Structure formats: structure tokens, C-alpha cells
Trainee: 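My structure is below; once you've seen it, I'll send some questions.
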Amino acid sequence: MIASESYTVETFNPDTVAEVCRRNGVCLIKGFFDANEMQRIQDGLVETDQRFGSMRPDPLSCPSLNWLLVHPRICDVAKMLLGDDLVYYTNGSINYEAEIGPLTNTPYTALHSDAAGNPQNVHGNAERNTEEPFPAYRFAIYMQDYTNSSGGVRVAPGSH
């Protein structure tokens, strides 16, 4: 994540998060989940890893994690950004390792855009020059504190 206070929200407020997302294309919400929720996520990651191994399905198919997709605060933010008619396109992933391994040792570092799809085909290629808007947002939960470590998320302004 670019070290800029303009991308970071210290206290959850859907209106503020939506404004930061619209302005910057990204918003880091510190402390979004409480300690009990973080423990539930951690336990869910362990259970999912034990159940599915490296062949993890979309989070919707993971019984111990699918509650996150309809978490009230996540839905509040999504509704502020997209309106009440939300659609989840099963375009999620779980990157978890019980011990340091390939995901940790070879992080994805190439610059890229998470934007995918277009109004006619959500799984197709993004069409940057279309006149029809196609708003979509990707939500991510990072379990590590990257404040003092390398490998954190970096976002180029205007890329998302």
C-alpha cells in the first residue's frame, strides 16, 4: 500500500470509506475486524487449508469462511459504493500457508490491474474505453502487519 494517510481510514465509517475509495481507487481500513472476528478468520483459514489443501475453491465454497462474503460491514461498504443490488461473481481467492512456503517466498510483485470483466461478460477482459460504466470493487483481508516488513500491498494511483 502506498504510504499515504489519504488511503487509510483509522475508524470504520461506510461514508468515509466510500469517499476514499472513489477518490483513490483503494482504501485501507485499519481495525476493520475485531479480535474475535480475526480469530474466526484465522481458524477458518486453517480449517480450509486442512480441508482443501492447495486446491482451495472460491471463498463462497468454504464453509468456515463464507460468512465473510455477507459480513454486515463489508456489505455496508459495498452498498455505499455500488447501491443496494449487489452481485458476487465468485472471483475470490484464498492465499494462505500454515508455514512459510511458495506464496510467502515468491509474492506476486508485478504491477497489474485487478480490474476484470465488462458489462457484457464479467469474466472477460476489461474494456478501458467503454462509455458504459462498470463499477466493481475487490475486498481483501490481510492477516499480516506489513508496517515494518517488505512484501506489502502497493497501489499505483489511478490503477484501480
Side-chain angles (χ1 to χ4, degrees), residues 1-52 54 56-116 135-160:
M1 177 67 65
I2 292 177
S4 171
E5 292 182 20
S6 67
Y7 294 95
T8 303
V9 175
E10 297 289 338
T11 305
F12 175 71
N13 175 308
D15 293 319
T16 303
V17 171
E19 190 274 322
V20 170
C21 282
R22 286 186 187 108
R23 182 181 66 230
N24 300 311
V26 63
C27 180
L28 171 64
I29 308 169
K30 291 189 174 185
F32 186 82
F33 295 107
D34 65 31
N36 290 332
E37 290 169 321
M38 291 300 288
Q39 186 60 56
R40 185 175 176 195
I41 294 168
Q42 178 63 36
D43 293 345
L45 289 168
V46 170
E47 190 275 328
T48 297
D49 186 60
Q50 291 170 347
R51 184 173 187 172
F52 297 104
S54 63
R56 294 179 198 96
D58 182 86
L60 186 62
S61 301
C62 300
S64 58
L65 294 171
N66 63 14
W67 62 275
L68 287 166
L69 300 173
V70 293
H71 190 284
R73 287 189 301 277
I74 291 175
C75 289
D76 286 347
V77 172
K79 287 177 181 180
M80 289 295 301
L81 294 165
L82 299 167
D84 289 334
D85 296 328
L86 300 177
V87 177
Y88 176 69
Y89 287 107
T90 62
N91 187 357
S93 64
I94 299 170
N95 294 324
Y96 171 80
E97 293 180 305
E99 297 180 22
I100 292 175
L103 288 173
T104 305
N105 288 326
T106 56
Y108 189 77
T109 57
L111 290 177
H112 68 282
S113 173
D114 283 344
Y137 287 89
R138 187 174 298 265
F139 293 78
I141 301 167
Y142 295 92
M143 303 295 286
Q144 301 88 354
D145 179 359
Y146 284 114
T147 303
N148 297 312
S149 303
S150 63
V153 175
R154 292 179 291 180
V155 177
S159 68
H160 287 66

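Numbers here are sequence positions counted from 1. We use all heavy atoms of the structure for the numbers below, so side chains are in, but hydrogens, waters and symmetry mates are not. Predicted model only: the values in this text are computed from it and were never measured.
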Trainee: Where do Arg73 and Phe32 come nearest, in terms of heavy atoms and distance?
Mentor: NH2-O, 3.0 Å
Trainee: To the nearest 0.5 Å, what is the distance between CG on Leu68 and CD1 on Ile74?
Mentor: 5.5 Å
Trainee: What distance do Ile41 atom CD1 and Tyr96 atom OH have between them, rounded to the nearest 0.5 Å?
Mentor: 12.5 Å
Trainee: If you take all heavy atoms of Pro59 and Leu69, which pair is closest and at what distance?
Mentor: C-CD1, 4.1 Å
Trainee: For the side-chain contact (heavy atoms from CB on, under 4.5 Å) test, which of Asp49, Leu65, Ile141 pairs with Ile94?
Mentor: Leu65
Trainee: Just how far is it from atom CE of Met80 to atom CG of Asn13, taken to the nearest 0.5 Å?
Mentor: 8.0 Å
Trainee: Is there a side-chain contact between Gln39 and Phe33 (heavy atoms, below 4.5 Å)?
Mentor: no
Trainee: Identify the heavy atoms of Arg22 and Leu81 that sit nearest to each other, and give their distance.
Mentor: NH2-CA, 3.6 Å
Trainee: For Ser61 and Phe52, which heavy atoms make the closest approach, and how far apart are they?
Mentor: O-CZ, 3.9 Å
Trainee: Please give me the minimum heavy-atom distance between Asp84 and Lys79, naming the atom from each residue.
Mentor: OD1-CD, 3.8 Å
Trainee: Rounded to the nearest 0.5 Å, how far does CG of Asp43 lie from CE of Met38?
Mentor: 11.5 Å
Trainee: Can you check whether Pro63 reaches Arg51 side chain to side chain, under 4.5 Å on heavy atoms?
Mentor: yes
Trainee: Identify the heavy atoms of Cys62 and Pro57 that sit nearest to each other, and give their distance.
Mentor: SG-CG, 3.8 Å
Trainee: Determine yes or no for a side-chain-to-main-chain donor-acceptor pair under 3.5 angstrom, with Gln50 supplying the side chain and Glu47 the backbone.
Mentor: no
